[in-house]
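Report on the structure given below.
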Amino acid sequence: MASPFSGALQLTDLDDFIGPSQDCVKPMKVDKSTGSGMAKIHIEEDGSYFQVRQDGGTQKLEKAKISLGDCLACSGCVTSAETVLITQQSHEELRKILDANKTAAPSQQRLVVVSVSPQSRASLAARFQLTPTDTAKKLTAFFKKIGVHYVFDTAFSRNFSLLESQREFVQRFRGQASSTQTLPVLTSACPGWICYAEKTHGSFLVPHLSTARSPQQVMGSLVKDFFAQQQHLTPDRIYHVTVMPCYDKKLEASRPDFFSQEHQTRDVDCVVTTGEVFKLLEEEGVSLSELEPAPLDSLCNGASAQEPTSHRGGGSGGYLEHVFRHAARELFGIHVDEVTYRPLRNKDFQEVTLEKEGRILLHFAAAYGFRNIQNLVQKLKRGRCPYHYVEVMACPAGCLNGGGQLKGPSTTSKELLQHVQMLYDTVTVQVPEDAPGVQELYEHWLQGEGSERAGRLLHTSYRAVEMASSGLSIRW
Amino acid sequence: MKDSLVLLARVPAHPDSRCWFLAWNPAGTLLASCGGDRRVRIWGTEGESWICKSVLSEGHQRTVRKVAWSPCGNYLASASFDATTCIWKKNQDDFECVTTLEGHENEVKSVAWAPSGNLLATCSRDKSVWVWEVDEEDEYECVSVLNSHTQDVKHVVWHPSQELLASASYDDTVKLYREEEDDWVCYATLEGHESTVWSLAFDPSGQRLASCSDDRTVRIWRQYLPDNEQGVACSGSDPSWKCICTLSGFHSRTIYDVAWCQLTGALATACGDDAIRVFEEDPSSDPQQPTFSLTAHLPQAHSQDVNCVAWNPKEQGLLASCSDDGEVAFWKYQRPEGI
């Protein structure tokens, strides 16, 4: 089966060869028992292991389990078989929770929240030949029909991601004189890119990564912290599902940084791809276009609107465009109306410059796809990177072309992508500073921009993953 | 048939190690060899003997699997199990490593220069084929990462005159690639071999491709352009490739390398049964269904697996071979009378 993950993730993680010197880094907590160290192991017919103690008594041994989170920490053994397991973390999980809710006692029921990404919505809109607004309303109707309580749009959480990215860049740019601030700043919203960066050039690249959370994970904070409070529920009583255009987002949701030790719950419990939503629709025998539209939900009163909104700057979030315009204004007092992109060696590598009187003030780039990520990283390693900020995405053409998006039955993939892009662009654009509800949330939920809460709930951190001594140590 | 291939010289090129591959420079005056001792050696003649003119060490941390000369003869690329590819610049008898191409996840299995000299291809056990572009300042940039194969990619080779790339893999297929807009795409997959395809060689015209495999056969494939006379179906504007000849029953073990002489059209094979064989096309055979005859068979050409055979590009009949026994041998091939 062809891997559904992005190219960047595939080349880093999928290696069928497990060298004899490679260790699985799963830290096994072993309870040391007193007594002599000798034990006999007996295997039952059903495959379960029993330890036979010296006194003849037996004790069933626990099976070692490897979770997605463990796999993220290890650099070696995620084989093709495991990826099949990862892709099973899907709509079946959601079903289980919804089914459990039907029979559970009220105090055991979970509040199910689904956050839909604008890219997934555009893909569904193209498939069912609907406008993005209708798609949003009909999707809301569908999810509520199967037992979901609230349906949100991650374009709302994206506002925070963009605002934090803007602020962060200006800070890092101003702090260039002090050696702690490293330029270029590289975006971190794409988990395919992050997995590659952490594992292959970790110690070198991690300091460059933006710490702003991705829209998915900001939504995680919004739903499990703000919304939970509003609903008078503890975070573990909410089951948060996101609908995303790719599989890599499933790995992002599994990161230990997005797991609350205090409440023993993840910010995002389950990620389903656009394709998996399509399967759900098919399984329910529902045609999206035939559903009666339902009113859109909003996270807070300030944010209620009956039409979805979006951001400028392309289908991958618009980071370059927003940070560029904000930096031009904040750092140089220049107002930029239209951002002009100049394609370089291929259409997935573009640059943008801010010039004044012949001097280059800002030099930004967007690098999509593995080959361009390669070239960017090599340039960085050789100290030949001229950029201040780079928007990095693992998929060629960006998120609208993610591995979890719907494939066209009749059109070519190029035509389909263009159609999806066109639909995505029809959604009304809004500047994050002006988005309703955002400023209020900064004030009341986060207690101010740049506050400790904002830092904790809207930012994250990355770390280099050391490669376990690989098969390369074998003397071929 | 034994006399058609005569030993000229034998050198212990990579002592206590394997010699993996050989490459003649375009002028035919130097032979580069590489091996398990992590070194590349450059051989040239001094009178009647072959002597080692340079040793390129300090380039790689693991076995060097393949070497390839640039079309201009001034650069040598070396592909290594240490996951890197070194580019060496020749300065008379000295070679300096001017750049190291990184990016492959694990062992690089092959490297090849395009006829233009501007492009380079590498392939690896990580299942991918990379195309690199070199600019005037000797800077290399990755132009494409192709993930078409489902297993270890063993060999890459460029068409002799067009910017067309072929790759051979452990997944039993051969794939062909060309540039489309701003990226490279796989436009054909040649299926037929029943096991790993180890090596490839284009014929002098570039119309035919020879592949050799662990299935102990050599297959010859022909390119058919759209609207061809023979009526072979093509999809859209892409050429179609058909297997027009299979050489089976000649080799008793895996065939590791095949070399197509650009001067005479003779086909040489390197086999796991320690033998070297040469085949020639029967002049009266139908070009669409050619037949090849075995014109030379030298058992025990080496004391172990023969890994590579390479025809000298300028001197007719001069063939070099290397083996797991660490030796390089030079042979004179003469087409036998009456064939």
Side-chain angles (χ1 to χ4, degrees), chain A residues 1-19 22 75-76 78 80 196 199-201 204 343-350 367-382 384 394-397 403 412-414 467 470-476, chain B residues 16-18 20 35-38 60-65 80-85 99-109 122 124-133 135 137-152 170-171 179-185 236 324:
Chain A
M1 155 192 147
S3 169
F5 291 92
S6 73
L9 201 79
Q10 276 181 64
L11 285 173
T12 326
D13 281 0
L14 307 186
D15 186 344
D16 291 332
F17 177 76
I18 303 177
Q22 260 175 333
S75 62
V78 179
S80 326
Y196 178 75
K199 289 181 193 183
T200 49
H201 305 279
F204 178 74
L344 297 175
R345 70 168 37 254
N346 58 66
K347 57 175 151 31
D348 279 324
F349 205 141
Q350 312 198 57
Y368 293 7
F370 189 63
R371 57 182 173 158
N372 292 314
I373 290 179
Q374 269 306 297
N375 289 328
L376 172 70
V377 171
Q378 288 303 313
K379 277 201 176 71
L380 267 169
K381 283 182 91 175
R382 285 156 211 239
R384 283 155 161 254
C395 299
T412 65
S413 52
K414 195 169 156 194
M467 280 281 261
S470 68
L472 290 182
S473 63
I474 294 171
R475 324 279 298 159
W476 300 108
Chain B
D16 303 321
S17 190
R18 287 175 224 262
W20 277 116
D37 60 356
R38 297 166 283 143
H60 291 292
Q61 259 98 63
R62 298 283 175 262
T63 290
V64 184
R65 185 62 178 86
S80 167
F81 283 1
D82 68 6
T84 70
T85 305
T99 203
T100 304
L101 306 182
E102 293 175 348
H104 275 297
E105 185 60 18
N106 43 49
E107 295 87 355
V108 187
K109 299 296 180 96
T122 57
S124 159
R125 181 169 67 77
D126 67 12
K127 306 173 198 168
S128 67
V129 171
W130 291 40
V131 181
W132 308 77
E133 193 172 69
D135 66 20
E137 285 138 43
D138 285 352
E139 287 292 316
Y140 289 75
E141 274 212 345
C142 170
V143 160
S144 190
V145 174
L146 297 148
N147 291 310
S148 310
H149 279 297
T150 56
Q151 297 288 355
D152 186 354
Y170 178 53
D171 69 10
E179 199 174 6
E180 193 177 274
E181 285 183 19
D182 64 2
D183 203 355
W184 284 72
V185 295
D324 273 357

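Heavy atoms only: backbone and side chains are in, while hydrogens, waters and symmetry mates are out. This one's a predicted model, so the numbers in the text were calculated from it and none came from an experiment. All chains are named by letter (A, B, ...) in the order of the sequence lines, taking the proteins before the strands, and each is independently numbered beginning at 1.
- With sequence neighbours left out, the side chain to side chain donor-acceptor pair (under 3.5 Å) criterion links R65(B) to no other residue.
- Within the 4.5 angstrom heavy-atom criterion, only backbone atoms of T100(B) (N, CA, C, O) approach chain A.
- Listed by chain and residue number, H60(B), D82(B) satisfy the side chain to side chain donor-acceptor pair (under 3.5 Å) test with T84(B) (two or more places apart in sequence, or in another chain).
- By number of non-hydrogen pairs under 4.5 angstrom with chain B, the leading residue of N346(A), N375(A), D348(A) is N375(A).
- Contact of E102(B) with chain A is made through backbone and side chain together, with heavy-atom distances under 4.5 Å.
- Contacts of V131(B) with chain A are absent, with no heavy-atom separation under 4.5 Å from either backbone or side chain.
- Looking at D152(B), there are no atoms closer than 4.5 Å to chain A (heavy atoms on both sides), in backbone or side chain.
- Between E107(B) and R62(B) there is no salt bridge, since no side-chain N of the basic residue sits under 4.0 Å from a carboxylate O of the acidic one.
- A perpendicular orientation is assigned to the rings of F370(A) and Y196(A), their planes being inclined by more than 60° (bins at 30° and 60°).
- We find that R125(B) and E105(B) are not joined by a salt bridge, their nearest charged nitrogen and carboxylate oxygen being 4.0 Å or further apart.
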